[in-house]
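Report on the following structure.
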Amino acid sequence: MTRDISQVVEKLRTAFADDDAMLRWGADIPVKHCSDWTRLPPVIPLALARPRTTEQVSRLLGLCHETGTPVVPQGGLTGLVGGAHPVEGCVAISMERMSGVEEIDAAAGTMTVLAGTPLEQAQAAADAVGLMFPLDLGARGSCTIGGNVATNAGGNRVIAYGPTRNQVLGLEVVLADGSVLQSMNRLIKDNTGYDLKHLFIGSEGTLGIITRAILSLRPQPATTITALCALPSAEALVPSLAALRSRIGPSLSAFEAMWPDFWQVIVAQAGRKSPFARAHGAYALIEMSGFDCERDEDRLQIALSDMLEAGLLSDVVVAQTSRETGDFWGIREAVGELRSLMGSLISFDVSIPAQSADAFVATAVAALEKRWPDATHLAYGHLGDNNIHIIVRVPSAFDEQPKDLINEIVYDAVARFRGSVSAEHGIGLTKKGFLHLSRSPIEIATMQAVKATLDPRGIMNPGKLFDRRLSREEIP
Ligand SMILES: Cc1cc2nc3c(=O)[nH]c(=O)nc-3n(C[C@H](O)[C@H](O)[C@H](O)COP(=O)(O)OP(=O)(O)OC[C@H]3O[C@@H](n4cnc5c(N)ncnc54)[C@H](O)[C@@H]3O)c2cc1C
């Protein structure tokens, strides 16, 4: 369908003439809306829309549907697969003006939040009433609840609380044609047909725009204890995780594995201080969240002592102050600074069965080093959730890193270990060529059928998730 751009512009201007802050055009569009954290070459959208209400989102999508204008939803723009990256001629829809916690029901443990609310603000609101919103990730200050839901974000506490999907009770979503799907459920049990909210959780802006969410809150743990563990080798990571799980069970709220290559760069280049006197074979940041002030610390201390005695750990430091806790997490989260320190990098976010994690890292790294002897790499991840991150840099290739070949080598190793090409960041633009390694043809065809039904004109975030959108007639 060919669009008359000047007609689209005119219709948009007329439809939102009552709100000066709604639309921005051309050079007036702030540069941050021309790309996301993935840092792909910037694309200036046709327009930037900043709706304030669900009604405005509905009007906007109705108009874009009618004119066949592509739309790209944008939250905090911290996504790492190019999901919020504008496409040519699109209207980028920023949710920044739809921000705020509308209601907290402390007795029921629920919170109603607008989609553009930064995660950190939602966490603080839960905290203020003595409850906890357990989703947590390094981008907490910028990423939004809408983006978290649309990517089914994981983060640091999946091991205890599950990913974003497990925290969502209800959603309000504006569909591609502008109709508003109210699925604002507050009930934990509700077996009344298809649970539609799950279609939109992890849909990466390809099915509709999430405008509100009802989130589930948890009791605030009475104790949170953080420790840094040094291990004799990376092979000791999985048995250590198993030992801790069997000793402190669901109180284990984080197990962040760090291979020595990661540790060395963070300590030597990112200026973080190691609490250990010497280098070790691997490291793990662990967190215990419990409800027994009297006994939690002792339980953890005994478990760690036994693990030291059994040779699973070679050293442990338990944080004694909140500053020390912050310093320990600072080591793990310094990863956000690596790009400015190390230049051009390729990051991988994959899932691998935990027992194969170290073998996978060794296999991928050996294959990379065979091809480029000067390749450097860092490995770390949320091991309790099977989630491994590898960062690769090939200095000999400077900025012209042979990305396709590096991708092929790493994803080939993922497929060999029966892993997933995306653990928590999604597919977006950068991984769509590898979706077939983790999803069967019939799964992809079913996803395409859902897309064709909910977005028949293909205006929602086109070119993301799938290499090519199929029309209804083409779907087998
Ligand atoms: C330092 C750092 C650390 C990170 N750590 C983690 C981590 O531990 N775990 C993890 O999972 N991710 C992590 N991320 C990735 C990122 O923060 C998450 O994917 C986050 O959920 C994205 O939220 P956002 O609001 O920034 O979304 P955006 O980047 O703006 O958008 C992401 C996707 O969601 C869509 N979208 C956004 N808002 C809406 C909406 N309202 N309705 C429909 N679609 C929408 C977009 O179109 C896009 O496809 C990290 C990123 C950084 C920079």
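Quantities reported herein were computed from a predicted structural model and do not represent experimental measurements. For ligands, and for the atoms within them, numbers begin at 1 and follow the listed sequence.
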Check: V173 and T211 side chains under 4.5 Å, non-hydrogen atoms: no

N or O contact, V72 vs ligand 1, cut-off under 3.5 Å: no

G116 to ligand 1, any heavy atom closer than 4.0 Å: no

Closest protein heavy atom to atom 24 (P) of ligand 1, given as residue, atom name and distance to 0.1 Å: G76 N, 3.4 Å

Heavy-atom pair with the smallest gap, counting every atom of D18 and R59: OD2-NH2, 4.2 Å

Element-labelled atoms of ligand 1 that are located less than 4.0 Å from some non-hydrogen atom of L80: 14 (N), 15 (C), 50 (C), 51 (C)

Minimum side-chain heavy-atom gap D190-L169 below 4.5 Å: no

Selected option - heavy-atom contact closest to atom 39 (C) of ligand 1, from S142, G154, G146: G146

Option passing side chain to side chain contact (heavy atoms under 4.5 Å, CB included) with I145 (candidates L114, V101, L119): L119

Contact partition for E333 relative to ligand 1, non-hydrogen atoms under 4.0 Å: neither

Interfacing atoms of ligand 1 (cut-off 4.0 Å, heavy-atom, G208): 43 (C)

Nitrogen or oxygen atoms of L77 and ligand 1 under 3.5 Å apart: yes

F200 vs L181 side-chain heavy atoms within contact, under 4.5 Å: yes

Residue, atom name and distance, where the atom is the protein heavy atom closest to atom 27 (O) of ligand 1: G147 CA, 3.6 Å

Under 4.0 Å to a heavy atom of A153 - the qualifying atoms of ligand 1, by number: 11 (O), 21 (O)

Cationic N near anionic O, under 4.0 Å, K32 to E96: yes

Numbered atoms and elements of ligand 1 in range of G205, under 4.0 angstrom, heavy atoms: 43 (C), 44 (N)

Where ligand 1 meets W37 - atom numbers and elements under 4.0 angstrom, heavy-atom basis: 53 (C)

Closest to atom 37 (C) of ligand 1 (judged by heavy-atom distance), picking from G138, S94, G75: G75

Structural part of M95 in contact with ligand 1, heavy atom criterion under 4.0 angstrom: side chain

N or O pair under 3.5 Å between N148 and ligand 1: yes

Distance from atom 10 (C) of ligand 1 to nearest protein heavy atom, with residue and atom: E424 CD, 3.5 Å

Atom 42 (N) of ligand 1 - nearest protein heavy atom and its distance: I210 N, 2.9 Å

Option whose closest heavy atom lies nearest to atom 13 (C) of ligand 1, chosen from L114, L429, L137, L135: L137

From T151, T164, V174, N461 - option closest to atom 21 (O) of ligand 1 by heavy atom: T151

Contact (N/O only, under 3.5 Å) between A115 and ligand 1: no

T78 N/O under 3.5 Å from ligand 1 N/O: yes

Donor + acceptor pair across side chains of W259, D358 (<3.5 Å): yes

Any N or O of A139 closer than 3.5 Å to N or O of ligand 1: no

Within reach of ligand 1, part of K464 (heavy-atom separation under 4.0 Å): neither

Nearest-contact summary for atom 31 (O) of ligand 1 - protein heavy atom, Å: A84 CB, 3.7 Å

Flag for E287-S253: side-chain donor and acceptor within less than 3.5 Å: yes

Residues E204 and N461: side-chain donor-acceptor under 3.5 angstrom: no

For H425, the ligand 1 atoms whose distance to one of its heavy atoms is below 4.0 Å: 10 (C), 12 (N), 13 (C)

SB check R157 E256 (cutoff 4.0 Å): no

Contacting atoms of ligand 1, where contact means under 4.0 angstrom from a heavy atom of G83: 47 (O), 48 (C), 49 (O)

Given Y411, F434, F360, Y380, the one that forms ring pair (Phe, Tyr, Trp, His ring centres under 6.0 Å) with F348: Y411

Exercise: do E443 and S440 side chains pair donor with acceptor under 3.5 Å: yes

Sub-4.5 Å side-chain heavy-atom contact between S99 and Q121: yes

D19 and Q56: side chain donor to acceptor below 3.5 Å: yes

Geometric N/O contact G79 with ligand 1, under 3.5 angstrom: yes

Donor on one side chain, acceptor on other, S351 and S420, under 3.5 Å: no

Nearest-contact summary for atom 35 (C) of ligand 1 - protein heavy atom, Å: A150 CB, 3.7 Å

Per-atom contacts of ligand 1 with T144, taking only distances under 4.0 Å to non-hydrogen atoms: 24 (P), 25 (O)

Protein heavy-atom partner closest to atom 46 (C) of ligand 1 - residue, atom, separation in Å: P73 O, 3.2 Å

Side chain, backbone, both or neither: D36 near ligand 1, heavy atoms under 4.0 Å: neither

salt_bridge(D455, R457) N-O dist < 4.0 Å: no

Closest protein heavy atom to atom 49 (O) of ligand 1, given as residue, atom name and distance to 0.1 Å: E204 O, 3.1 Å

Between R212 and T112, a side-chain donor and acceptor under 3.5 Å: no

Trace of the side chain to side chain contact (heavy atoms under 4.5 Å, CB included) decision for V81 with K464: CA-CA 9 Å; V81 291; K464 314 291 172 67; over 6 Å; no

